[in-house]
Amino acid sequence: MEASKSFQKHWQFYLLIIPAVLYFLIFKYIPMVNAVIAFKDYSVVKGIWHSPWAGLKHFHLFFNNPQFWVLIKNTLFLSLYQIAIGFPVPILLALALNEIRNGFFKRAVQLVTYAPYFISTVVMVSMIMLLLSPRLGVINIILQSFGIESINFLGIPSMFRSVYVWSDVWQGAGYSAVIYLAALAGVDPSLYEAAKVDGASRFQKIIHIDIPGIMPTAVIILILSVGNIMSVGFEKIYLLQNPLNLETAEIIATYVYKIGLLNANFSFATAVGLFNSVVNLILLLLVNAIAKRISSTSLW
């Protein structure tokens with residue numbers, strides 16, 4: 001009865017969430033049923049449900065694969081590097097923008113930092129390749145003007161992670177900063193007035209008002225980031241890969257694509273992807289529990 005009354009009273013809101021619910025149901029939850037092929041020797045001819053069971057065979061193959069620890073290491077290192085750099089930069093940018101009093105300059109900076117987010121991955125990778133080209137790249141031309149030999153940035157395995165992470169920060173920092181700016185807009189103005197009366201400096205206001213004000217938002221975003229630690233962006237990494245940097249550029253997502261689609265080993269690729277998702281889920285639950293205990297802020 002309560003549910004019926006709630007629906008009658010707020011039917012407009014229920015109507016609004018129906019498309020979102022249908023999207024997740026059709027494209028996220030129903031396809032999860034097909035993950036059963038990770039436990040089968042899938043045959044295209046026999047189909048999913050008539051293919052013979054294989055148990056944990058494909059998981060054992062992955063765990064005993066010489067590439068296993070290399071893939072885990074590359075995925076973890078790249079994800080942790082991305083979080084370590086990509087998480088604080090939008091916060092710092094939002095705090096800096098919040099302190100700018102010149103309206104025109106503030107809008108200009110927001111536009112310049114926000115615009116790269118709308119560049120497609122393919123265009124972004126093309127720009128990176130052009131900028132870092134050993135012969136004609138702008139970066140190497142600048143280095144040569146200072147008497148430094150040109151560097152093949154995408155050909156040195158140890159530099160791949162930095163190229164990926166810092167280009168990702170450049171592309172996404174402005175967009176992520178909008179979330180923190182919205183959180184800063186919700187801070188009680190009376191706190192700033194009280195701090196001004198007490199003679200607090202701008203830096204002290206940032207430390208004691210702004211940062212605590214955006215901390216719940218930052219914790220939620222950090223939890224979600226750690227929950228996706230094993231799911232580094234596939235498209236950009238795959239496009240930046242080449243035989244020279246594969247030592248550090250090969251991650252679980254690209255490995256699954258090559259094994260599953262290019263080699264048509266669907267069961268093995270599904271097993272690897274399922275393992276990846278389970279690890280992400282465990283990390284999400286763990287970090288959420290830690291955040292809830294430490295800061296009383298969590299997803300649930």
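Source: prediction; values computed, not measured.
- Taking the side chain to side chain donor-acceptor pair (under 3.5 Å) definition, one finds that Asn228 meets it with nothing, sequence neighbours left out.
- Each side-chain hydrogen bond (donor to acceptor under 3.5 Å, both in side chains) pair with one or both residues in residues 60-70, not counting sequence neighbours, appears once here: Asn65-Tyr255.
- The environment of Trp170 atom CH2 is dense: over 12 non-hydrogen atoms of other residues, nucleotides or ligands sit within 6.0 angstrom.
- Judged as a ring-ring contact (aromatic ring centres under 6.0 Å, His included), and not counting sequence neighbours, the contacts of Tyr23 are Phe27.
- Other residues, nucleotides and ligands contribute more than 12 heavy atoms inside 6.0 Å of the NZ atom of Lys258.
- For the pair Phe266 and Ile48, the minimum side-chain heavy-atom distance is 4.5 Å or more.
- Residues forming a side chain to side chain donor-acceptor pair (under 3.5 Å) with Tyr257 (at least two apart in sequence, or on another chain): none.
- Taking every heavy atom of both residues into account, Gly213 and Val187 meet most closely at CA-CG2, 4.2 Å.
- Within the structure, no pair that satisfies the ring-ring contact (aromatic ring centres under 6.0 Å, His included) test touches residues 119-151, not counting sequence neighbours.
- Summarising the geometry of Asp210 relative to Glu99, their closest heavy-atom pair is OD2-OE2, 3.6 Å, with the distance given to 0.1 Å.
- The list of side-chain hydrogen bond (donor to acceptor under 3.5 Å, both in side chains) pairs with a residue in residues 43-55, not counting sequence neighbours, is empty.
- The distance from the CD atom of Gln241 to the OG1 atom of Thr248 is 9.0 Å, given to the nearest 0.5 Å.
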Let's go through Val70 and Asn74 carefully: what are the C-alpha distance in whole Å and the side-chain angles of both, what is the deciding distance for side chain to side chain contact (heavy atoms under 4.5 Å, CB included) to 0.1 Å, and is it a yes or a no? CA-CA 6 Å; Val70 175; Asn74 288 345; 3.6 Å; yes

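- Atom-to-atom distance recorded for Ile37:CD1 and Thr270:OG1 is 3.0 Å, nearest 0.5 angstrom.
- Within 6.0 Å of atom CD in Gln12, more than 12 heavy atoms from other residues, nucleotides or ligands are found, so the atom counts as buried in its surroundings.
- Counting heavy atoms from C-beta outward, Asn152 and Leu244 have side chains that approach closer than 4.5 Å.
- For residues 275-285, there are no salt bridge (charged side-chain N to carboxylate O under 4.0 Å, His left out) pairs, not counting sequence neighbours.
- Proximity of Ile211 to Leu95: side-chain heavy atoms (C-beta onward) are separated by under 4.5 Å at one or more points.
- Between the side chain of Asn242 and the backbone N or O of Leu154, at least one donor-acceptor pair lies under 3.5 Å.
- The two residues Ile209 and Ala195 make their nearest non-hydrogen contact at CD1-CB, 3.7 Å.
- The salt bridge (charged side-chain N to carboxylate O under 4.0 Å, His left out) analysis of residues 269-278, with sequence neighbours excluded, yields no pairs.
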Set out, in order, the CA-CA distance, both residues' side-chain angles and the distance that settles side chain to side chain contact (heavy atoms under 4.5 Å, CB included) for Ile151 and Leu143, then state yes or no. CA-CA 9 Å; Ile151 302 170; Leu143 291 176; 4.0 Å; yes

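- Every residue was checked against the salt bridge (Lys or Arg N to Asp or Glu O under 4.0 Å) condition with Lys205, not counting sequence neighbours, and none meets it.
- Distance check, rounded to the nearest 0.5 Å: CD1 of Ile72 to CG of Asn276 gives 7.5 Å.
- In this structure, Ile294 is not a member of the same hydrophobic cluster as Ile221, with clusters built from ILVMFWY side-chain heavy atoms closer than 4.5 Å.
- For the residue pair Lys236 and Tyr164, the shortest heavy atom distance occurs at NZ-O, 3.4 Å.
- Considering only residues two or more places apart in sequence or on other chains, Asp198 meets the side chain to side chain donor-acceptor pair (under 3.5 Å) condition with none of them.
- Ring pair Phe268/His58 is perpendicular by interplanar angle, where above 60° counts as perpendicular and below 30° as parallel.
- Checked by atom type and distance alone, the side chain of Thr217 never pairs as donor or acceptor with a backbone atom of Ala183 at under 3.5 Å.
- Sorted by first then second residue, the side-chain hydrogen bond (donor to acceptor under 3.5 Å, both in side chains) pairs that include residues 124-146, not counting sequence neighbours, number zero.
- Note on Leu181: it clusters hydrophobically with Ile100, by side-chain heavy-atom contacts below 4.5 Å among ILVMFWY residues.
- Closest approach of Val256 to Gly273, counting heavy atoms only: CG2-N, 4.1 Å.
- Looking at heavy atoms from C-beta onward, Phe234 lies out of side-chain contact with Thr121 at the 4.5 angstrom threshold.
- Between the CG atom in Asn98 and the CG atom in Leu93 there is a gap of 11.0 Å [rounded to 0.5 Å].
- The hydrophobic cluster containing Met127 also contains Leu132, counting ILVMFWY residues as joined when their side-chain heavy atoms lie under 4.5 angstrom apart, directly or transitively.
- Taking the six-membered ring for Trp and thresholds of 30 and 60 degrees, Phe59 and Phe63 have ring planes inclined between 30 and 60 degrees apart.
- Of all non-hydrogen atoms in Met129 and Leu239, the two that sit nearest each other are CE-O, 3.2 Å.
- The CG atom of Leu184 sits 10.5 Å away from atom OH of Tyr180, with the distance rounded to the nearest 0.5 Å.
- Criterion: ILVMFWY side-chain heavy atoms under 4.5 Å apart, direct or through other members. Under it, Val197 and Tyr192 are not part of a common hydrophobic cluster.
- One hydrophobic cluster holds both Val123 and Val169 under the rule that ILVMFWY side chains link at heavy-atom gaps under 4.5 Å.
- Taking CG of Leu262 as the reference point, atom OG1 of Thr254 lies at 10.5 Å (rounded to 0.5 Å).
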Yes or no on side chain to side chain contact (heavy atoms under 4.5 Å, CB included) for Leu222 and Ile83, after CA distance, side-chain angles and deciding distance? CA-CA 8 Å; Leu222 180 61; Ile83 291 173; 4.0 Å; yes

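- With contacts defined as side-chain heavy-atom distances shorter than 4.5 Å, the pair Ile17/Phe13 does not qualify.
- Put simply, the side chain of Ile128 reaches to within 4.5 Å of the side chain of Leu240, judged on heavy atoms.
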Verify side chain to side chain contact (heavy atoms under 4.5 Å, CB included) between Ile229 and Val279, making sure each step is shown before the conclusion. CA-CA 9 Å; Ile229 200 169; Val279 172; 5.6 Å; no

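- Sorted by first and then second residue, the side-chain hydrogen bond (donor to acceptor under 3.5 Å, both in side chains) pairs with a member in residues 106-120 form an empty list; sequence neighbours excluded.
- Contact check for Phe160 versus Ile237: side-chain heavy atoms found under the 4.5 Å cut-off.
- Contact annotation: the side chain of Glu250 approaches that of Leu71 to within less than 4.5 Å [non-hydrogen atoms, C-beta and beyond].
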